[in-house]
Amino acid sequence: MSLEEPLPPRGRCAVHPDLPAGGTCSRCGSFICADCATSVAGLGARLYCRACAARPDVNYLEALRQRYEGRRDGWAWVMGGVTLLLCVGVAAALARWGLRATRQSLFTGVLLLPVPVGVAFFLGQRWARHALLATPLVTAVVAGVLAPDGRFLFFLCAIPGVLTALRIHRDVRNQLFFRLPVPPGMLKVLWNERFNNPMARQASRLGFSALFMPLLAPVAVICGVVALTRVDPKALPPIGRRGQAIAGLVLGLVGPLLWWFVLLPWLSDRLHS
Ligand SMILES: [Zn+2]
Ligand SMILES: [Zn+2]
């Protein structure tokens, strides 16, 4: 740029005064150059300055990741508890029957197979996530070798174990415990579940329940109203679920009317005829 034609001050980046601004930050409004313009996952095409893009209220999905990364989720604690129970159970059985090479004590030993996987899972070792998928089947196969009569039963017992393991494997919160790279889309699903106006979801559930249990109607209405006041699509992060809040409110109002004008007269007709 030349001294003869200085750029107007409002046209320059707030951080790099020698660079022309291409736009303004969606949060603080300061001018940003192409270098500074930062998009934030989950907030569409809006651009921010770097300082704003790093704020937890703007970059809420990244804040969510940092909040949960490496921290044990419910499943990790469940696995730790089950593993502890298995160890205690096996110790009690061995104390009772003794450590002889009988079929019973061998069979008791089968229960120790999942223990290393459980311990590693609790400690956040990534291989344990995959090993967990195979553990119920492997345990069933070994148990089937020791007691061929029970083979069918063992496989039947393994099925819920495999299904639970699959569910854990796909759980986003659990993946964060294992510090796996979770894409923003999946983080948004987790955020939506836990922090996007949960009161509205509660209101719609209560509203549906109020159709069968009219005593719940006032609670549904209150939850619906509170949830509706919280809806703010322009907030950072945006708070939604307006539809569910309205559904809770409307169902909470309709439920008692339905009982009063339709169901109760119908019931009293039935009782008096
Ligand atoms: Zn800014
Ligand atoms: Zn800049």
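As the structure is a computational prediction, the values presented were derived from the model and not from experiment. Counting convention: from 1, in listed order, for ligands and their atoms alike. We use all heavy atoms of the structure for the numbers below, so side chains are in, but hydrogens, waters and symmetry mates are not.
Other residues, nucleotides and ligands contribute at most 12 non-hydrogen atoms within 6.0 Å of the CZ atom of R242.
When SG of C25 and SG of C28 are joined through the Zn ion (ligand 1), the resulting angle is 110° to the nearest 10°.
Relative to the six-membered ring of F121, R129 misses at least one condition, a distance below 6.0 Å or an angle of at most 45° to the axis. Within the cation-pi definition used here (under 6.0 Å to the ring centroid, within 45° of the axis), R179 does not qualify as a partner of Y68.
Hydrophobic cluster membership is shared by L251 and F212, with clusters built from Ile, Leu, Val, Met, Phe, Trp and Tyr side chains linked at under 4.5 angstrom.
Protein N/O/S atoms found under 2.8 Å from the Zn ion (ligand 2): C13 SG, H16 ND1, C33 SG, C36 SG.
In this structure, the side chain of R50 engages the main chain of D35 through a donor-acceptor pair within 3.5 Å. Under a 3.5 Å cut-off, the side chain of R12 and the backbone N or O of L19 do not form any donor-acceptor pair.
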